[in-house]
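Chain naming here is simple, since letters A, B, ... match the order of the sequence lines and numbering starts at 1 in each.
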Amino acid sequence: MTDILQDHIRNFCIIAHIDHGKSTLADRIIEMTGLLTSREMQAQVLDNMDLERERGITIKAQAVRTIYKAKNGEEYVLNLIDTPGHVDFNYEVSRSLAACDGAILVVDAAQGVEAQTLANVYLALDHNLDVMPVINKVDLPSAEPDRVAAEIEDIIGIEAQDAPRISAKTGENVDEVLEQLISKIPPPKGDPGAPLQALIFDSLYDSYKGVIVFCRVMEGKVKRGTPILMMATGKTAEVVEVGYFGAGQFIPSDELSAGMVGYITASLKNVKDTRVGDTITDSQRPCKEPLPGYKKVQSMVYCGMYPSDGAKYPDLRDALEKLQLNDASLKFEPETSVALGFGFRCGFLGLLHLEIIQERLEREYNLDLVTTAPSVIYLIHRTNGTVEELTNPTNLPDPSEIEYMEEPVVKAEIMVTSEFIGQIMDLCQERRGVYDGMEYLEETRALLRYHLPLNEIIYDFFDALKSRSRGYASFDYELAGYEKSDLVKLDILINKEEVDALSFIVHSSTAYERGRKMCEKLKEEIPRQLFEIPIQAAIGSKIIARETVKALRKDVLAKCYGGDITRKKKLLEKQKEGKKRMRQVGNVDVPQKAFMSVLKLDDR
Amino acid sequence: MTIVRDLKARDKMNNLPQLEIYIHIPFCVRKCLYCDFLSYPSTQKERRDYVIRLCEDIRAKKDLALEYVVSTVFIGGGTPSLLEPDQITEIFMALRDTFCFVESPEITIEANPKTFDEKKLKTWRNLGINRLSIGLQSANDNELKLLGRIHTYEDFRAAFEMARIAGFDNINVDMMIGIPAQTMQSLKKTLSEGISYNPEHISVYSLIIEEGTPFYRIYGPQSATAGCDNTKQKGTLWDELPDENAERDMMHEATRVLLENGFEHYEISNFAKCGFACRHNIGYWERIQYLGFGVGAASLIKGCRYKNSEQINSDPHEKVGETESLSLEDEMSETMFLGLRMLKGVSLDEFKYKFNTSIQEAYPEAVEKNIKNGLLEIAHARIRLTKRGLDLANVVMSDFV
């Protein structure tokens with residue numbers, strides 16, 4: 001297939017608000033172009049992590065190449081790059097977009113344009129991609145394709161009258177998508193004879209092949225034996241294999257030339273040598289300058305991750321290193337906690353990212369973890385004039401050394417139907433939001449703009465938003481710098497001992513309330529023990545809230561199970577297991593999930 | 001009983017290891033609302049068929065029987081007193097034909113008021129049954145009703161008196177604490193009424209809300225360790241159950257009253273007049289070997305625990321049920337968590353003699369921690385639960401598994 005002409009290639013991605021049917025459309029395209037028989041098909045082919053399938057979301061960008069025979073009789077190579085939909089993973093979207101020439105925009109025929117629809121379209125336009133709208137889920141009883149088409153034109157400003165109206169689920173009209181794709185998305189440009197210039201948009205570590213680099217060749221060509229140079233890292237290597245992406249497998253080919261999307265292996269052992277966004281060139285015949293990389297990923301949320309079993313610390317480190325191989329946005333560095341022992345302070349793009357990493361560590365690496373409350377990065381301006389970043393509340397200097405503190409704020413856009421505007425404004429108010437304006441997109445829908453402190457939205461803002469709008473509000477945000485803020489550190493004392501892993505930073509106006517709720521929550525989480533346990537919240541040396549866990553009075557099997565000793569033993573073993581999963585704080589057993597309880601303070 | 005005339009044979013028999021026999025009769029007139037034991041309402045035919053199967057199973061053990069001498073038999077349920085005299089007789093014929101017994105075995109049958117009469121009592125006596133365990137639970141009719149018992153307090157009175165007249169001089173009375181609507185006052189009545197009959201043995205069990213019982217659906221999950229004061233759940237009848245504090249106060253009161261009346265508190269839930277502790281149950285705690293017959297019955301034989309299938313109609317020759325072979329560690333662990341159920345505790349010397357290591361060496365942390373916390377104590381060369389340890393026995397025992 002090396003003789004494929006450039007104008008018979010289409011490199012595209014599918015963008016959409018979460019749940020609008022992106023992965024389902026990808027499935028249909030793969031099925032209809034015959035890459036997989038329907039026997040091999042399973043839902044969400046490109047989401048090959050169990051977690052992705054279970055949650056029905058795409059976490060990691062994936063690429064696949066298929067051949068489409070168009071109605072004009074010609075065969076086209078389609079390189080489809082699937083992208084994540086959640087706001088946490090915008091960086092993944094951004095890298096995938098750089099490898100494409102166009103994007104299919106999927107909009108739900110019932111729900112219409114949502115906050116992330118807009119965000120993703122803007123991202124695509126930023127990358128100079130041609131955007132082709134598709135209206136999905138027309139088989140739903142509540143589908144209003146005409147209204148949605150008008151909405152796409154009004155709100156986004158792209159032509160949508162002839163947008164294919166499809167059901168990715170049933171396959172209805174999906175062929176129309178493919179036809180329009182050929183006519184509306186431009187073929188790649190680039191000179192196969194020019195010096196090699198290829199963009200790394202992802203990489204993956206394989207224990208047999210080493211690092212597998214996902215790239216889009218912009219200029220020139222690359223094949224087995226090409227001596228390559230990673231322009232940013234300066235790493236050189238010799239290409240061992242090139243190829244393209246089958247469904248769930250790598251298919252070797254002779255070469256990749258300008259306009260193609262594929263992979264390269266070169267016996268690279270370290271993913272850090274192949275930074276996403278870097279440019280690959282021929283070390284003997286280098287291109288003049290690297291391609292513009294994409295902006296570096298910023299961690300927004302930090303938390304401590306500790307193995308429940310201290311002996312598993314090296315395993316946790318190995319697991320984090322392995323995950324980092326395929327997830328450049330995951331950051332971690334060692335830290336220690338009095339309560340939790342040795343662990344890592346880890347940086348994430350957002351709470352979903354955190355949850356996903358946590359779940360992957362637990363499932364794929366079989367680790368039992370204790371995770372501390374997430375924190376954003378605060379800026380500490382010391383009285384001596386220095387400024388430092390604070391990712392772990394425990395490290396907050398003495399208040400006498402702090403001139404002032406700053407916290408990150410975001411520009412949030414919330415799309416909501418007009419009946420819920422009041423509730424959503426209340427919510428933003430409660431979360432210390434500053435109103436930034438509102439515009440009506442249609443008669444019944446408005447886009448609310450708010451300035452919100454990041455630490456108010458990382459925990460449960462999304463859930464609160466959904467529950468107060470009966471699921472109708474959608475939300476997108478971007479970091480908008482730092483602002484001075486009146487922040488305090490809230491400490492938690494269990495049985496008079498301060499528990500470092502439970503400290504968190506909070507705005508002084510909500511400190512009392514939070515402290516009280518935290519004590520209440522911990523009282524529920526901590527089982528009664530042999531003695532009475534006071535739980536206190538304190539700012540500095542001042543106690544602001546207190547609860548008491550009363551002493552355990554009865555825990556005995558005062559019943560005759562006759563000779564069924566095995567049953568007795570099982571009960572005791574279960575109890576012992578439960579004890580093992582506790583953390584010793586002083587002489588109090590604290591269940592691991594208590595360390596996450598700050599997250600659940602706003603259960604309404 | 002097999003009469004052994006040959007003195008040599010008698011000597012040899014005395015050197016054989018002891019064996020206890022448990023026989024499960026899974027039939028009830030009606031299932032009590034809290035009960036999660038294997039028992040069902042049944043027809044006369046089902047009961048007859050079951051007894052035939054039991055006898056076959058017993059006789060099938062004739063080779064194994066040669067290696068042991070039986071010291072106790074316990075016929076439990078369910079309601080064994082539901083069986084007709086000829087059915088019980090058949091079971092004993094099978095037992096006598098198959099096993100050798102010690103000179104004065106303890107032979108118990110569980111009996112519920114309203115399910116037996118003078119004729120049954122007479123048969124039992126003649127068969128050698130010398131101990132009766134009668135379920136009273138409460139002397140308050142409203143509580144009995146809430147538990148779903150089929151009898152009244154008056155029925156118990158009649159049953160007990162009948163048993164005495166029939167010659168039973170070793171009778172246990174089961175009582176229950178923590179039951180719906182129970183108060184300290186009503187418990188005191190149950191205690192004083194129960195004691196007034198001068199039974200030789202009293203068991204005081206805590207009501208446990210077990211999954212799968214009607215009580216579980218009414219009162220919801222009850223967990224000894226989880227939750228704090230949130231045991232009072234809205235929308236359930238939870239409030240009618242005494243809370244944990246009240247329940248413990250009742251247990252302490254029961255203990256006090258029983259000690260005052262000359263009972264010895266010898267096991268977490270059991271009290272006996274001198275010389276009347278239940279040998280069969282002590283056997284469980286001291287890990288004497290036992291054979292269980294009938295559905296769901298458990299056995300401990302030659303270092304293995306077995307449990308029969310819970311399916312009443314399962315093929316006897318099919319290997320079903322559960323087997324667990326015990327390692328040395330398992331045996332040590334069992335010695336501890338079973339032995340600690342008895343108030344006298346576990347002998348330090350016997351443990352060392354048996355396992356060639358001391359308890360303190362085998363479980364250094366568990367021993368040290370629980371002594372420090374005031375739940376265990378060492379006295380008279382034995383390790384045992386303290387008064388507080390009795391209330392929190394699971395906390396201690398789970399450190400030994």
With the side chain counted from C-beta on, respond yes when [X] and [Y] share a heavy-atom pair under 4.5 Å apart, and no when they do not.
{"X": "B:Leu338", "Y": "A:Ile565", "answer": "yes"}
{"X": "B:Arg388", "Y": "A:Leu530", "answer": "yes"}
{"X": "B:Asp391", "Y": "A:Asp555", "answer": "no"}
{"X": "A:Thr566", "Y": "B:Lys307", "answer": "no"}

[X] portion near chain A, given a 4.5 angstrom heavy-atom threshold:
{"X": "B:Glu247", "result": "side chain"}
{"X": "B:Arg248", "result": "both"}
{"X": "B:Glu334", "result": "side chain"}

So for atom [atom1], which belongs to [X], do other residues, nucleotides or ligands contribute more than 12 heavy atoms lying within a distance under 6.0 Å?
{"X": "A:Tyr512", "atom1": "OH", "value": "no"}
{"X": "A:Lys312", "atom1": "NZ", "value": "no"}
{"X": "A:Gln584", "atom1": "CD", "value": "yes"}
{"X": "A:Glu362", "atom1": "CD", "value": "yes"}
{"X": "A:Phe342", "atom1": "CZ", "value": "no"}

Report task. Can you spot which of B:Leu390, B:Ile268, B:Leu385 makes a side chain to side chain contact (heavy atoms under 4.5 Å, CB included) with A:Val556? Result ->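 The side chain to side chain contact (heavy atoms under 4.5 Å, CB included) with A:Val556 is passed solely by B:Ile268 among B:Leu390, B:Ile268, B:Leu385.
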Query - From CA spacing to verdict: salt bridge (charged side-chain N to carboxylate O under 4.0 Å, His left out), B:Glu244, A:Arg528 - result: CA-CA 12 Å; B:Glu244 197 179 290; A:Arg528 295 192 294 157; 2.5 Å; yes
Query raised in the report: How long is the gap from NZ on A:Lys554 to CG on B:Asn394, to the nearest 0.5 Å?
Result: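 With rounding to 0.5 Å, NZ (A:Lys554) is 9.5 Å from CG (B:Asn394).
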**Report entry** Rounded distance (nearest 0.5 Å) linking atom NE2 of B:His24 with atom CG of A:Asp564
**Finding:**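 The CG atom of A:Asp564 is 10.5 Å from NE2 of B:His24, to the nearest 0.5 Å.
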Query raised in the report: Which of the residues A:Gln529, A:Lys569, A:Lys574, A:Glu573 is involved in the greatest number of heavy-atom pairs with chain B at under 4.5 angstrom?
Result: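 Heavy-atom pair counts peak at A:Lys569.
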Would you find a donor on one side and an acceptor on the other, under 3.5 Å apart, between the side chain of [X] and the backbone of [Y]?
{"X": "B:Arg341", "Y": "A:Leu557", "result": "yes"}
{"X": "A:Lys579", "Y": "B:Ser398", "result": "no"}
{"X": "B:Tyr22", "Y": "A:Gly563", "result": "no"}
{"X": "A:Arg553", "Y": "B:Leu392", "result": "no"}
{"X": "A:Lys576", "Y": "B:Val401", "result": "yes"}

**Report entry** salt bridge (charged side-chain N to carboxylate O under 4.0 Å, His left out) evaluation trace for B:Asp36 with A:Arg567
**Finding:** CA-CA 13 Å; B:Asp36 77 326; A:Arg567 180 169 171 186; 2.7 Å; yes
